[in-house]
Amino acid sequence: MSLPPPSAGRELANPPSDGISNLRFSNTSDHLLVSSWDKRVRLYDVSTNSLKGEFLHGGAVLDCCFHDDSSGFSVGSDNKVRRIVFNVGKEDVLGMHEKPVRCVEYSYAAGQVITGSWDKTVKCWDPRGASGPERTQVGTYLQPERVYSLSLVGNRLVVATAGRHVNIYDLRNMSQPEQRRESSLKYQTRCVRSYPNGTGYALSSVEGRVAMEFFDLSEAAQAKNYGTFATGGCDGFVNIWDGNNKKRLYQYSKYPSSIAALSFSRDGQLLAVASSYTFEEGEKSHEPEAIFVRNVNEIEVKPKPKAYPNPAA
Amino acid sequence: MAKDPILQVETTCGSLLYELQIIWDEVGETETDRDKMLLELERECLEVYRRKVDQANRCRAQLRQAIADAEAELASICSAMGERPVHIRQSDQSVGSLKLELGKILPELEEMQKRKIERRNQFLLVLEEVENITNDIKGQGEHVLSKPPIDETDLSMRKLEELNCHLQALQKEKSDRVETIRKHLCTLYSHCSVLGMDFNEVVSQVNPTLTDPEGPRSLSDHTIDNLDAAVQKLREVKIQRMQKLQDLATTMLELWNLMDTPIEEQQEYQHITCNIAASEHEITQANSLSEDFIKYVEAEVVRLGEVKASKMKELVVKKRSELEEICRKTHMLPVSDSAMDQTIVAIESGIVDATLVLEHLEQHISKVKEEALSRKEILEKVEKWLSACDEESWLEEYNRDDNRYNAGRGAHLTLKRAEKARNLVNKLPVMVEALASKTIVWEREKGIEFLYDGIRLLSMLEEYNLLRQEREEEHRRQRDHKKLQGQLIAEQEALYGSKPSPSKPLGGKKAPRMSTGGTATNRRLSLGAGMHQTPKPNKKSDQRQVQVDGALSTGRRGLDVAGLPSRKQSMNPCEQLQSPLVRKPFSPISTTVVASKANIATPQQLVPNSKSNAVNEISSFATPVKNNNIIKNLEEEKMMMMMQTPKNVAAMIPIPSTPATISVPMQTAPTPLNNNNNARFLPEKAEVIEYSFEERRLAFMLQSESPIHV
C-alpha cells in the first residue's frame, strides 16, 4: 500500500471521535477550534500539532467560533450558547434557545454573539453580560424556518434557513431583514458564506451546487468579481474554484470521508479540512474522523486526484 | 302810253258809254230806259267786280290755307321729329305776300317731309332689326308676326336713340345667349367626351336646332335652361362616376397594398390611381369615365377581391396549422378540427369575414404561445423526467442481463451509460418532486390544470409514484424473503463451521418482477426496475456468500447507488457503527428492531470495519438522501417517534417496508422535498418538511441513546 500522498496535508493528532460539525482557524493565530458530535470542543495548535484544550458539553456541539485567542463560543444540541475560555478551561452559558442551536458567529463590528437555531430564531448576545443568560440576550429575531447556516461580513448578517429562505440583515437594525430572498438553488441550503469583501455571499445546497449572490442587485449586474473559493462535498473532494471564469482551479486529492468543514487560516496560507461523515445517507459505517491541514500555496501544479487508498486494513 | 289798265278800262268804259249814249240817242230811248240800262250796266259791272273780288278773295284764302296747312304740317313734323324747322316762322315776321310766304314754307316743308321720311326709315330699320333679334331670342314658334308699330308722333332722335339702344341691348343679349349656348355646348361636349356619350344625341335632345352649327339656333330661355340643365346633369353624372372610380381606385390600392401586388400589375391601372384625389374639372380625358371603362375597372377590383379572399383563406389555413403545431409541440390539446372546417366553409360562402377569423386566430395563437411559454419550463422538466424513466427501464433491462459485464464491443459505453442511468434514476424522485411542486405552483397561478396531451400531469406523476411504491414494496418483500433464507443458511453454516466472509457481503436480490401498476402502458409510467435491483450476488468473484439481501459488494460502485439494498446492510449494525463495539455476527437484531419490524431480517454480516466499502462506493453524493429506504427504515421509525409529529413521519424519509407501517404514514404523509420513491404523492396537501443532515443525525443519536429498545 502506498503512502498517503503528501498533498493531503498534515493530519492532526487526536481528532474527535465522532462527526466534526465545524472547524475554524483563529483570526490571530494558527489555532484551530473544532466542534464535534462527540460533544466536545477542541482547540488545536496547528503549528505544533497539539491539542490545547478540550471542553465537554451536554450534547453534540454543532458550531463554534473564536472570540479572540483566549476565548470562543460554542453552541449545540443541548440548546445552550456557551463561551469557553481556553486557558482557564472555563465555560459559561450565555443563554439558551428552545431547540438545538445550529450556528454561532461573533461579530466584531457589533461586539455581539449571533446564534441561529432550529427553533427558527436568530438571537444576539452580548458576551460581556456578566450575570446570567437573561441579561446577555440582546435580541431575538424570528425566521421563516429553522436556521441552517449563518455568515457575517462587516455589518451584514446572512441567515439561511430551511425552506431555502435567505434573510439578510443589517446588524445595526435587526428589527427587520434588509432583504428577504429565496435561494436560487433548488435544493436544501447547506451552507452560506459571505465574501470577505462584503459584496455578497455564496450559497451551497445539498445537490452539490454553489450560487454566488450579491447584496446589491445593481452590483450584481456589473462585472462580477467572485474571487476564488473552496468547496468541499460529500464526495470527499475539496475543489478550488475561480468564480470569475466559473472554472475549477484545482482539486485536492480525495479525502477519506465527506468534507464536513473547511477553514482558511488568517493569512490564507493554510486550509484545514475536516474529513468526517456528515450523515447525508443516514446511519452507516464510515471512515473515522480526521482533520487535515494543508498549505495552500504548495499547490502550484494541479494535483491529479488520486484514489485515496484504504488507510486501515 | 303806259296806261294803267284800270284807267284803260275806264277809258274804255267811258268811250263805251259815250257810244252808248249816241246809240240811244239815235234810238231815241227814254230816259228811264236809259237809266235802267245804266243801272243794269252798273249792276252787271258790279257783279263782275264782285266775282272777281270773290275769286281773288278765295285765292287769298286758299293761299292762307295752304300756308296754314303747310305750317301745321311742318309743325307736326317738327314736333314729331323733335326738331325745330330750320327756318322758324315768326308770327310777326312780315314775309311779305302770302305767295312769298308760301313759297318759303313749301320748301321747308318739303325738306322736313323728306327728313321725316328718312327718319322714319331709320326707325323702320331699327325696329325691324329689333323685331328680328327679338324673334331670334324668343325662339322659333314665337315668331312675332306683326310689324312693330311706329309711333308716328315720336320720330325724334331721342326716340331713335332709344330704339337703337334697345336694339343694341337686344343684340348684346342675343350674342350673350349665343355665347352661353356656345359655352354650354363646349362643356357639354367635354362632358360627353369624358363620359363616353354621343354629343349630338345629347344636344339634339335639348333642342334640335343646336345640333346644326350652321343653321339658326334657338336662343330661347327654354333652350338655354334646358341646355344648362343638361350640362348640370352631365356634370353630376361625371362627378358620380368619378367618385365611383376613385372609390374603386382606393380599393384597388388597398388591395394591392394588402397583397403586395408587383409593380408591373399595378402599372396598368396607374392612370386611374393617379386621379384618385382629382377634382371634377381635372378629369378631361375622353372616355375616362365612360360606363365601359368603369365596368372594366370594377371587374379588376372584383378580381383582386377574389384573390384577396383566397389568400385570406390560405392564411387562415396556415394559421390554423401553426396553432396546431404549437399545441402539438407543447402537448396541449389542439383546437377541434370540426370548428375550423366550419369556419373555412363559412368564409368561402362569405358569411364570415376572413379578417375577423384571422384576427381571432391570431389572438388564439398568441394566447396559446403565451401558454406554451408558461409551460416551457415544466415541459422541459417533463421531458427530462420521461427520458429518465426511459433510462430507468433500460437500466432494468440491463441489470437483468447476466452478460453485461462481459467485455464485448462497446461494453465500456454500456457501463458508462449504466452509471449515468443510475445517477439519473437516483435523481428521479427529486425530479418528480420538483416537477410536481412546480406544476402545483403553475396550476395555482393559472387557475387551470396542467395537461400533457390531455392528461393532467399531476395525475401522471402520481401514477408513476404509485407504481414505484408498489415495485419497491415488491422488492422489499422479496429481499426480506431472501434475507430470511440467507439467515437460515448462514445459521446452518455456522453450525457446521463455515463462515461467510465478513467483508464481502453480497447483496443479491434480483429485482422482483416488475409491478405493472395500472396504467403502465406508456413510458411515463414504467418504472425502471433497475432502480431497485440489488447487485447480483455472484458478480464478485470472491466470496459470494449467502444471499444476504441488501449487502454491498465491493465492486458494486455504480449499481449500489441505485440499490436500496445497498443501504440495507448498514441498517443492521446501525447502533454499532461508530462504537468500537463490534456486533457479533449473527446476533439477532430483531431485538433492536421495533416490534413492527419483525420482518427485517437479520443481517449476517456486520460491517464492523467501518472502513469497508460501503462508504466510498457511493458516488452520487450530489443527490440528497434518498433511495435509502432500507436504512431509513429503522431510523425513520425512531425519528418518527423523535419528531413526534405524526404527520411528518412519513414525510421525513418514508416508509418502512412492512405494509402495515407503510400504510399509515403514507396516507397521511405529505411528500418531503428530498423524498424517495415511496412517498405517495399528494399534491393537494402541500406540507413539505425537510430535514438537514444534522437534524437527522441528532434524532438518530438521541434515539440510540434512549433506552427504549435494546
Side-chain angles (χ1 to χ4, degrees), chain A residues 17-19 21-22 37-39 59-60 62-63 76-77 99-100 102-103 118 145-149 161-164 186-191 205-209 233-237 254-260 277-289 307-308 310-313, chain B residues 427 430 433-434 437-438 552 566-567 569-571 573-580 606-616 618-628 630-636 638-639 653 673-674 688-698 700-702 704-705:
Chain A
S17 52
D18 202 345
S21 52
N22 201 1
W37 284 79
D38 67 2
K39 306 181 191 170
L62 298 179
D63 200 3
S77 60
K99 288 233 180 112
R102 176 67 185 90
C103 339
W118 292 340
E145 254 288 11
R146 295 151 281 158
V147 179
Y148 281 171
S149 183
T161 70
R164 296 163 48 248
K186 297 189 181 130
Y187 291 94
Q188 180 188 82
T189 308
R190 186 82 190 113
C191 160
S205 77
V206 295
E207 187 200 10
R209 275 184 217 268
C234 292
D235 54 0
F237 286 103
K254 189 162 183 293
Y255 286 92
S257 189
S258 317
I259 308 300
Y277 175 58
T278 51
F279 220 71
E280 63 273 15
E281 293 195 345
E283 177 54 46
K284 64 172 208 175
S285 67
H286 55 83
E287 296 288 333
E289 286 61 34
Y308 190 84
N310 230 325
Chain B
K427 295 183 185 156
V430 184
E433 177 62 39
S437 49
K438 269 220 143 40
L552 259 191
S566 63
R567 296 294 142 270
Q569 59 133 33
S570 36
M571 175 250 313
C574 40
E575 291 89 357
Q576 302 89 352
L577 251 185
Q578 287 145 116
S579 70
L606 234 211
V607 197
N609 31 354
S610 34
K611 308 220 170 145
S612 80
N613 39 36
V615 178
N616 291 352
I618 314 309
S619 52
S620 65
F621 277 83
T623 55
V625 187
K626 53 180 175 45
N627 293 341
N628 293 330
I630 313 286
I631 318 177
K632 305 273 176 289
N633 294 338
L634 188 54
E635 40 184 63
E636 286 152 31
K638 292 172 193 168
M639 281 197 250
I653 301 160
L673 265 184
N674 49 347
V688 175
I689 307 246
E690 60 179 290
Y691 292 97
S692 63
F693 305 148
E694 288 74 25
E695 285 168 303
R696 293 187 209 153
R697 187 174 200 158
L698 184 66
F700 177 76
M701 198 172 97
L702 292 172
S704 59
E705 283 171 1

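Lettering of chains follows the sequences in order, A, B, ..., and the numbering in each one begins at 1.
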Using every non-hydrogen atom in the two residues, find where Ser692(B) and Trp118(A) come nearest and quote the distance to one decimal.
OG-CZ2, 3.9 Å
Taking all non-hydrogen atoms of both residues into account, name the closest pair between Tyr148(A) and Glu690(B) and its distance.
OH-O, 3.7 Å
Determine yes or no for a side-chain-to-main-chain donor-acceptor pair under 3.5 angstrom, with Gln188(A) supplying the side chain and Tyr691(B) the backbone.
yes
One should read off an interatomic distance between Ile689(B) CD1 and Arg146(A) CZ, to the nearest 0.5 angstrom, of 6.5 Å
If you compare all heavy atoms of Glu705(B) against all heavy atoms of Lys39(A), which two are closest, and at what distance to 0.1 Å?
OE2-NZ, 3.6 Å
Pick whichever of Gly59(A), Ala162(A), Ser21(A), Ala60(A) has the most heavy-atom pairs under 4.5 Å with chain B.
Ala162(A)
Mind listing the closest non-hydrogen atom pair of Thr278(A) and Phe693(B) along with its distance?
O-CB, 3.2 Å
Verdict with reasoning, Phe279(A) to Glu695(B), per side-chain contact (heavy atoms from CB on, under 4.5 Å)
CA-CA 10 Å; Phe279(A) 220 71; Glu695(B) 285 168 303; over 6 Å; no
Does the pair Glu694(B)/Arg190(A) count as a salt bridge with the N-to-O cut at 4.0 Å?
yes
